There are 2 protein chains.
Amino acid sequence: MVMGRPRSFDRDKALDEAMEVFWRHGYDGASLAMLTKAMGIKAPSLYAAFGSKEGLLMAALDRYALRRSEHMRYVLAGATARDVAERFLSSIAESHTDPANPPGCLLVQGGLACGAGSENIPFELASRRAESETELLGRFIQAKADGDLPEDADPAALARFLSTVASGMGVIASSGANREALREVARVSLGAFARSGRD
Amino acid sequence: MVMGRPRSFDRDKALDEAMEVFWRHGYDGASLAMLTKAMGIKAPSLYAAFGSKEGLLMAALDRYALRRSEHMRYVLAGATARDVAERFLSSIAESHTDPANPPGCLLVQGGLACGAGSENIPFELASRRAESETELLGRFIQAKADGDLPEDADPAALARFLSTVASGMGVIASSGANREALREVARVSLGAFARSGRD
DNA sequence: AGACTTATCTACCACTCGTTATAAAAGTTG
DNA sequence: CAACTTTTATAACGAGTGGTAGATAAGTCT
């Protein structure tokens, strides 16, 4: 269909490997040598396909967003605000301790702070973290309209709280917290939703 | 008293400058050039005083721990578990948005994930984060003995929850969340303490 | 087949990294 | 003052950084 020599590697598989390196070492800590070795390609192929180290991260983040969007679709389908919150935190407890991935969250460990010349990476990660918070916010606004959340509830504060706990869970998961510990954090966090029903 | 040429810089002042660089750029992102420039000294002086880049971080972390211990003394002096939790999260909301420092928490931004050769930095930061969680745990165990927490309360889970929220607040603060946003997160988080009294 | 297009490889670029040898500078002690 | 001790600045080290020419390989097109 398209002219020229076909690429000899699977773009998505290579991105998965790059994602894991960024995940485990952060943007600054991930060297081109690490990345090319993990991806099984040489530097010129990487640059031809992704433009730069930063472009590679962006492509990996896009792929990461695909996984997250599946989770979020399930989360937002919760019947009540409380149910949404429970699904959100529970799925994070699972995903952040999935042995198939590095522990924690790529959007947290990828780079909260970076060196000179990479100042926009933390900003980029933050804006991607904000996406799910915005989705939660929309769902909570609807929940309030449904009478599912009390009149004095603050959807923005609830969404921000959950997003903050999620980031915190990313931090402790990266430090070795196990799945049971994350579930416990999720359980305690749901106490903040006590006003909208408790089990 | 001591022989030899006296050092021409203030060790603590230099450490404060180094702390800020690590805080803002993380361990990997903080280069020796940045550090020596901020500290106002040349590399050999740095190495004579702190041994290595890692040694400099450790010294900065020790100094950071001094600030934190003041906060924790105030926090642990709270009358009730709920009061302790409120003091803990409130003081974090303030300190993580103190314009005198980079936003967020050095123990979070310093390096959740590092490159090859720095694998122990994330571990070191995690163990320092664990210290305050342990202090909270001790206080909550005492609170339970005092009858201040209900029989079915889980001190370890509560301490871990607060520690996780604190880390999450560090993440969002580093991304620009303002003081009011952090206070809101603190307020919602305290809802998780609803079982032990609500205002 | 031959022209064309794109990917891959080897080798290398200039630069920065953390770290250190060397020697001069600045103080204390006899 | 001279001997001694420690810190300072200059300058460089080897290794590794992200990134790239230039040539070659592997396909599709006419």
Side-chain angles (χ1 to χ4, degrees), chain A residues 1-15 17-19 21-22 24-60 110-111 113-121 124, chain B residues 1-15 17-19 21-22 24-61 110-111 113-122 124:
Chain A
M1 199 65 81
V2 51
M3 286 188 291
R5 175 173 174 174
R7 76 159 39 104
S8 64
F9 64 95
D10 183 321
R11 188 179 186 275
D12 287 342
K13 265 213 164 320
L15 270 182
E17 300 297 333
M19 188 192 303
V21 174
F22 284 130
R24 206 176 289 281
H25 296 284
Y27 182 78
D28 279 344
S31 70
L32 262 294
M34 282 181 185
L35 289 165
T36 53
K37 181 177 179 182
M39 299 168 80
I41 62 177
K42 299 297 164 54
S45 298
L46 191 160
Y47 278 82
F50 305 106
S52 67
K53 185 185 176 184
E54 189 170 332
L56 175 62
L57 175 69
M58 296 305 167
C114 284
S118 313
E119 291 87 356
N120 46 327
I121 271 85
E124 178 70 25
Chain B
M1 198 65 82
V2 51
M3 285 187 294
R5 175 173 175 174
R7 76 158 39 105
S8 63
F9 64 94
D10 183 322
R11 189 179 185 274
D12 286 342
K13 266 215 163 317
L15 270 181
E17 299 297 333
M19 189 193 302
V21 175
F22 284 130
R24 206 176 289 280
H25 296 284
Y27 181 77
D28 279 344
S31 69
L32 262 293
M34 281 181 186
L35 290 164
T36 54
K37 181 177 180 182
M39 300 168 79
I41 62 177
K42 298 294 164 54
S45 298
L46 191 160
Y47 278 82
F50 305 105
S52 66
K53 185 184 178 185
E54 190 169 333
L56 175 62
L57 175 68
M58 297 304 169
L61 290 178
C114 284
S118 313
E119 292 87 356
N120 46 327
I121 271 85
E124 178 69 25

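The structure displayed is predicted, hence computed values, not measured ones. Proteins get letters first, then strands, A, B, ... in listed order; numbering begins at 1 in each.
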Give the rounded distance in Å between these two atoms: [atom1] of [X] and [atom2] of [N].
X: Phe50(B); N: dT20(C); atom1: CZ; atom2: C1'; value: 18 Å
X: Ile41(B); N: dG18(C); atom1: CD1; atom2: P; value: 14 Å
X: Tyr47(A); N: dA11(C); atom1: OH; atom2: C1'; value: 16 Å
X: Lys42(A); N: dA25(D); atom1: NZ; atom2: P; value: 15 Å
X: Leu46(B); N: dT20(C); atom1: CG; atom2: C1'; value: 13 Å
X: Lys53(B); N: dT20(C); atom1: NZ; atom2: C1'; value: 17 Å
X: Asp10(B); N: dT8(D); atom1: CG; atom2: P; value: 12 Å
X: Phe9(B); N: dT6(D); atom1: CZ; atom2: P; value: 16 Å

Regarding [X], tell me which of base, sugar-phosphate or nothing describes its non-hydrogen contacts under 4.0 Å with the strands shown.
X: Ala116(B); answer: nothing
X: Ala49(A); answer: nothing
X: Pro44(B); answer: base

Decide yes or no for [X] and [Y]: does some side-chain heavy atom of the first lie under 4.5 Å from some side-chain heavy atom of the second?
X: Leu15(A); Y: Leu56(A); answer: yes
X: Glu54(B); Y: Asn120(B); answer: yes
X: Leu32(B); Y: Tyr47(B); answer: yes

DNA chain C: 5'-proximal contact among Leu32(B) and Gly4(B) (nearest heavy atom):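 Nearer the 5' end of the strand: Leu32(B).
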Where the side chain of [X] is defined as all heavy atoms beyond and including C-beta, which of [options] is the nearest nucleotide?
X: Met3(A); options: dG19(D), dT5(C), dT19(C); value: dT5(C)
X: Ala43(B); options: dT19(C), dT10(D), dT10(C); value: dT19(C)
X: Arg7(A); options: dT8(C), dG18(D), dT19(C); value: dT8(C)

Criterion side-chain contact (heavy atoms from CB on, under 4.5 Å) on Asp28(B) and Tyr27(A), from CA distance to verdict: CA-CA 9 Å; Asp28(B) 279 344; Tyr27(A) 182 78; over 6 Å; no
Ser8(B) side-chain N/O to dT8(D) phosphate OP1/OP2 under 4.0 Å: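 The answer is yes; a side-chain N or O of Ser8(B) sits under 4.0 Å from OP1 or OP2.
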Side-chain N,O (Ser45(B)) to OP1/OP2 (dT7(D)) below 4.0 Å: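 No, outside the criterion.
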Side-chain donor/acceptor of Arg5(B) to base of dT6(D), under 3.5 Å: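 Looking at the base of dT6(D), it does not pair with any donor or acceptor on the side chain of Arg5(B) (distance under 3.5 Å).
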From CA spacing to verdict: side-chain contact (heavy atoms from CB on, under 4.5 Å), Glu17(B), Phe9(B): CA-CA 12 Å; Glu17(B) 299 297 333; Phe9(B) 64 94; over 6 Å; no
